[in-house]
Every structure is written in structure tokens, then in C-alpha cells.
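In what follows, every heavy atom counts, from backbone to side chain, and hydrogens, waters and symmetry copies are set aside.
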Amino acid sequence: QVQLVESGGGLVQAGGSLRLSCVASGSIFSISAMGWYRQAPGKQRELVAVITSRGSSTNYADSVKGRFTISRDNAKKAAYLQMNSLKPEDTAVYYCAADLNLRTVVTGTPGYWGQGTQVTVSS
């Protein structure tokens, strides 16, 4: 069993930065793919970034490429999302996701979700 707890959200002005953290409990974290999703009001949840279990490969949504960076520290059972040059359209609830199967993280059907953290970017 894995539990995910996000933190680091908040209110920031456009152009600013935030760093989201996702801390996991459970022994399978180090072999799980991790992802960050977001859901804005009235919109579907969308994949923002994904990272493989050892951190050797990452992938990003086109809308955040060059601005966001996903990383992980398996020793701390944590994953991070560094968000720079934030825009009002980045406003959403951000969710951490994990699964042993990378495909399920990419397709939005991971076994584990965090509770979400709100990010609000003002113009």
C-alpha cells in the first residue's frame, strides 16, 4: 500500500515559482513510476509530468515544457515538481500519482493518488 501526500501549493504571481512535494509511505515507492497531474475548474484532469522509477526518464506536457521540472529522491520517498515562470493558466489542483506500471501513470489510471494541493497564479 502506498499513501501520497502533496504539499507546496499556494498563491503566486505570474512569473513566479513554486516547488511541489509528494511524500510517499510504503515500500514500493522506489520501484514506482511517479507523475504529476492537474485539474482546473471545469476541466478534465491532465498529465503534467511523469518520471520513471529510477528517475532516468521524464516526460512533460507541451504546455509546461521548459518551465516545469519533475524529479525524485528515492531515499526520501519523495517526488517534486519545480514550477517556474508560472502563468495564470497553470492555476489548478495538482495531484501526485504513483504505480508500479508506468503505463497506468501515463494514462491516468494509477493505483495511487494524493489528495491534491491548490496552485493559484494571479495575473
Side-chain angles (χ1 to χ4, degrees):
Q1 191 75 4
V2 174
Q3 290 185 324
L4 306 174
V5 179
E6 302 100 331
S7 62
L11 174 64
V12 64
Q13 288 189 331
S17 298
L18 282 174
R19 187 192 194 208
L20 304 183
S21 298
C22 173
V23 178
S25 63
S27 60
I28 67 171
F29 176 83
S30 64
I31 57 174
S32 296
M34 301 291 297
W36 285 96
Y37 278 77
R38 66 186 181 187
Q39 187 167 20
K43 295 187 177 181
Q44 289 189 330
R45 191 174 295 189
E46 63 172 349
L47 178 63
V48 175
V50 63
I51 187 167
T52 53
S53 59
R54 296 185 179 182
S56 57
S57 181
T58 59
N59 204 6
Y60 298 89
D62 288 342
S63 59
V64 306
K65 281 181 180 176
R67 300 189 297 123
F68 290 11
T69 302
I70 188 171
S71 62
R72 65 189 296 159
D73 184 336
N74 286 347
K76 296 182 178 179
K77 293 187 178 180
Y80 307 98
L81 186 68
Q82 178 66 44
M83 305 186 294
N84 298 329
S85 302
L86 283 161
K87 304 175 181 180
E89 51 263 44
D90 295 318
T91 295
V93 178
Y94 284 70
Y95 297 90
C96 178
D99 201 286
L100 293 174
N101 187 333
L102 173 63
R103 180 178 177 83
T104 65
V105 176
V106 172
T107 58
T109 57
Y112 307 101
W113 288 100
Q115 83 289 350
T117 186
Q118 176 71 47
V119 171
T120 303
V121 184
S122 63
S123 57

Short side-chain to backbone donor-acceptor contact, Tyr60 and Gly66, under 3.5 Å: no
Whether Trp113 and Tyr37 hold their rings parallel, tilted or perpendicular, with breakpoints at 30° and 60°: perpendicular
Heavy-atom pair with the smallest gap, counting every atom of Leu81 and Ala49: CD1-CB, 4.2 Å
Ionic contact status for Lys65 with Asp62, cut-off 4.0 Å: yes
From CG (Leu86) to CD (Glu89), nearest 0.5 Å: 10.0 Å
Linked, directly or transitively: Val105 and Val2 (ILVMFWY side chains, under 4.5 Å): no
Hydrophobic cluster identity match, Val48 and Tyr80, side-chain contacts under 4.5 Å: no
Atom pair CD1/CD1 of Ile70 and Ile51 - distance to nearest 0.5 Å: 5.5 Å
Donor-acceptor contact below 3.5 Å, side chain Gln3 vs main chain Gly26: no
From Tyr94 atom OH to Ser7 atom OG, the distance as rounded to the nearest 0.5 Å: 15.0 Å
Within 45° cone and under 6.0 Å: Arg72 NZ/CZ vs Phe29 ring: yes
Donor-acceptor contact below 3.5 Å, side chain Asp73 vs main chain Ala78: no
Atom CD of Gln118: over 12 foreign heavy atoms under 6.0 Å: yes
Leu20 reachable from Leu47 in the ILVMFWY side-chain graph, under 4.5 Å edges: no
Side-chain (Glu6) to main-chain (Cys96) donor-acceptor, under 3.5 angstrom: yes
Steps toward side chain to side chain contact (heavy atoms under 4.5 Å, CB included) verdict (Val119, Met83): CA-CA 10 Å; Val119 171; Met83 305 186 294; 3.8 Å; yes
Spacing of CD belonging to Glu46 relative to CZ belonging to Arg38, to within rounding of 0.5 Å: 4.5 Å
Asn101 (side chain) donor-acceptor with Gly111 (main chain) under 3.5 angstrom: no
In one Ile/Leu/Val/Met/Phe/Trp/Tyr side-chain cluster, 4.5 Å: Leu18, Val121: yes
Nearest atoms (heavy-atom pairs only) where Ala92 meets Ala40: CB-N, 3.8 Å
Inter-residue atom distance Met34.CE - Tyr112.OH, 0.5 Å rounding: 12.0 Å
Shortest non-hydrogen contact from Val93 toward Gly116: CG1-CA, 3.8 Å
Pro110 to Asp99 - nearest heavy-atom pair and separation: C-OD2, 3.5 Å
Shortest non-hydrogen separation from Ala14 to Pro88 and the atoms involved: CB-CD, 4.1 Å
From CD1 (Ile28) to NZ (Lys77), nearest 0.5 Å: 10.0 Å
Ser85 side-chain N/O to Arg67 backbone N/O, donor-acceptor pair under 3.5 Å: no
Ile31 reachable from Leu102 in the ILVMFWY side-chain graph, under 4.5 Å edges: no
Nearest heavy atoms of Ser53 and Asn74, plus distance in Å: O-ND2, 3.0 Å
